[in-house]
Undergrad: 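Quick one: structure below, then a few questions.
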Amino acid sequence: MSADQEQQSIRCLVAKVGLDGHDRGAHVIARAFRDAGFEVIYSGLHNAPDEIVQAAVQEDVNVLGISILSGAHNTLVPKIIDGLKEYDAFEDTLILVGGVVPDDDKAELKEMGVAEVFGPGTPMEETIEFVRENAPER
Amino acid sequence: MSAEHEHADLVADLLEGKHRALARVITKIENRAPGYRDLVSQLHDHTGDAEVIGITGSPGAGKSTLVDKMADYYRDRGETVGVIAVDPSSPFTGGAVLGDRIRMASNVGDMDVFFRSMSARGSLGGLSTATTDAVKALDAFGKDKVIIETVGAGQNEIDIVKSADTVAVLVPPGSGDDVQMLKAGILEIGDVFVVNKADLDGADRTVQELREMVHMQNDHTAGLATGHHGAGGLPADESGDDDTTGDEAADGWEPQIVETVAESGEGVERLVETLADHRAHLESSGMLAEKERMRYAEEIRNLLREDVGDMLEGEIERHGGMDDLVERVRKRETDPYSVADEVIAPIEDCLDEPE
């Protein structure tokens, strides 16, 4: 194996934003992404939108997975998207939302620039496949 | 040449202080993206101002929490900080969970602490090259302090902290009996030893054991360094049982031991001062320049090895590929030594050519 060969890797930030304290799902996703060969940065609980933006920009992740169970997605996600735009990081970051999101809100989130919303019970393979197919190049 | 243009823009943006550009440059370095070497060589001219500190120690020693508090301290003094945290990756899938960021709580929302997680990506040697290059990017960006945080679990990790001017090794209390202290490895690379979680039972004992180890090591290296010096090299009449007059290592620095409680920030000021002392020592003794020379020599060698490695890959292909060569060796048609001679011959010929 050549020492100088390219070593592309899909980098994902798994972020828990807002007040809800349940991160079991985020842990499961982080683990599944790791097993799929991705590099996962887990943000920990209770992050503010600007913390997520800071992490996504500095880590230069291809994928930002936001897990929200509190129902506050309509206020939190736009803040994150605005922050990413401020640092020119919106265009080439694949934004995913996981959690409990009503159908009407789903459409709205997608309009804002969220690539996909994964509700409860989504098979892990589906999410991983989606990331593989849509993660922007670096 | 769009890649070239892109890189020129990236370098310009990085030097201008754009975080996104810095992040992307580090990604290019990590990915060894086409042309990444040109990118790094353009940065070289702008480096040399950052103080590079390596932090290592066993998992759970409290490195991330301590780094967070150090960064906070530097920020309070108005200095900017870059952190590179290296974590292992799975040898099977290449995947990794990089979790050190969680503990950077004191610096949340402060873009002037640039924290970047890096995975080992299962590479041998390549990781230290990537880390050194990432340090250059942070240096060129204008960071005053660059902290490399890594798990001191293997040889590779030791190589990485060698790219730091000052290395601090974290030793948690009760991390083993005195036999552990005798083992070779990460304890030999420390300029400063940090007994973190100093509020736990057994901390005093660990400090004591470290102190003994430091002295023993210094006696040893002092003996080596003065082996062929004449009288006066080893003052036989000095008792050496006083802490402050203990023999110093070849570079004239006696490793210091600092106690901290990273959770509460206790001892962090003392640690930062000790790191600064070491830095001052490096500068005044000329060791800093010496370290720099060694580092660049190593870097040049690494790059050349990579290049020659690439050339050899081409030669191996020309000889029918590794599988073919192996099969011939297995069938006893030839042997590994002859194969190596055969493959390297054209390269040797080129170099031997007269004129």
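In the text below, chain A, chain B and the rest are named by the order of the sequence lines, each starting its count at 1. Only this structure's heavy atoms are used, side chains among them; waters, hydrogens and symmetry mates stay out.
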Undergrad: Checking A:Ser43 against chain B: side chain, backbone, both or neither under 4.5 Å from a heavy atom?
TA: backbone
Undergrad: Quick one: OH on A:Tyr87 to NZ on B:Lys18, what's the gap to the nearest 0.5 Å?
TA: 12.5 Å
Undergrad: Please check this pair: side chain of B:Thr93 against backbone of A:Arg34, looking for a donor-acceptor N/O pair closer than 3.5 Å.
TA: yes
Undergrad: Is any side-chain heavy atom of B:Arg101 less than 4.5 Å from a side-chain heavy atom of A:Gln54?
TA: yes
Undergrad: Tell me, for B:Val113 versus chain A, whether the close heavy atoms (under 4.5 Å) come from the side chain, the backbone, both or neither.
TA: backbone
Undergrad: Quick one: closest heavy-atom pair of B:Gly109 and A:Asp50, and the distance?
TA: CA-OD2, 4.5 Å
Undergrad: Could you measure the distance from the CD atom of A:Glu51 to the CE atom of B:Met104? Nearest 0.5 Å is fine.
TA: 12.0 Å
Undergrad: Determine whether a donor-acceptor pair (N or O, by modelled atom type, separation under 3.5 Å) exists between the side chain of A:Gln8 and the backbone of B:Asn31.
TA: no
Undergrad: Are there over 12 heavy-atom neighbours, none belonging to B:Glu263, within less than 6.0 Å of that residue's CD?
TA: no
Undergrad: Quick one: of B:Leu22, B:Asp110, B:Asp87, B:Asp100, who has the most non-hydrogen atom pairs under 4.5 Å with chain A?
TA: B:Asp110
Undergrad: Does A:Arg31 CZ have over 12 foreign heavy atoms under 6.0 Å away?
TA: no
Undergrad: Of the backbone (N, CA, C, O) and the side chain (C-beta and beyond), which part of B:Asn107 lies under 4.5 Å from a heavy atom of chain A, both, or neither?
TA: backbone
Undergrad: Which atoms of A:Ala15 come close to chain B, meaning under 4.5 Å heavy atom to heavy atom: side chain ones, backbone ones, both, or neither?
TA: neither
Undergrad: Among A:Ala48, A:Ala55, A:Ala30, single out the residue with the greatest number of heavy-atom pairs under 4.5 Å to chain B.
TA: A:Ala55
Undergrad: Would you say the side-chain atoms of A:Gln58 pair up with the backbone N or O of B:Phe115, donor to acceptor, closer than 3.5 Å?
TA: yes
Undergrad: Hey, are the side chains of A:Asp88 and B:His19 touching, using non-hydrogen atoms and a 4.5 Å cut-off?
TA: no
Undergrad: List the steps and the verdict of side-chain hydrogen bond (donor to acceptor under 3.5 Å, both in side chains) for A:Asp60 and B:Thr27.
TA: CA-CA 7 Å; A:Asp60 195 22; B:Thr27 304; 2.3 Å; yes
Undergrad: Under 6.0 Å from the CE atom of B:Met322, do we count more than 12 heavy atoms belonging to anything else shown?
TA: no
Undergrad: Could you tell me which portion of A:Tyr42 (side chain, backbone, both or neither) has an atom closer than 4.5 angstrom to a non-hydrogen atom of chain B?
TA: both
Undergrad: Just checking A:His46: does its NE2 atom have more than 12 heavy atoms from other residues, nucleotides or ligands closer to it than 6.0 angstrom?
TA: yes
Undergrad: Does any backbone or side-chain atom of B:Arg116 lie under 4.5 Å from a heavy atom of chain A? Answer side chain, backbone, both or neither.
TA: both
Undergrad: Of the non-hydrogen atoms in B:Leu98 and A:Arg11, which two are nearest, and what is the gap between them?
TA: CD1-NH1, 4.3 Å
Undergrad: Which residue out of B:Ala23, B:Ala96, B:Ala105 racks up the most heavy-atom pairs below 4.5 Å with chain A?
TA: B:Ala96
Undergrad: Tell me whether B:Asp76 at atom CG has more than 12 heavy atoms from other residues, nucleotides or ligands lying less than 6.0 Å away.
TA: yes
Undergrad: Take a 6.0 Å sphere around CD1 of B:Ile347 and say whether it holds more than 12 heavy atoms from other residues, nucleotides or ligands.
TA: yes
Undergrad: Start with the C-alpha gap between B:Glu30 and A:Arg138, add the side-chain angles, then the distance that decides, and say whether side-chain contact (heavy atoms from CB on, under 4.5 Å) holds.
TA: CA-CA 11 Å; B:Glu30 270 199 296; A:Arg138 279 290 178 270; over 6 Å; no
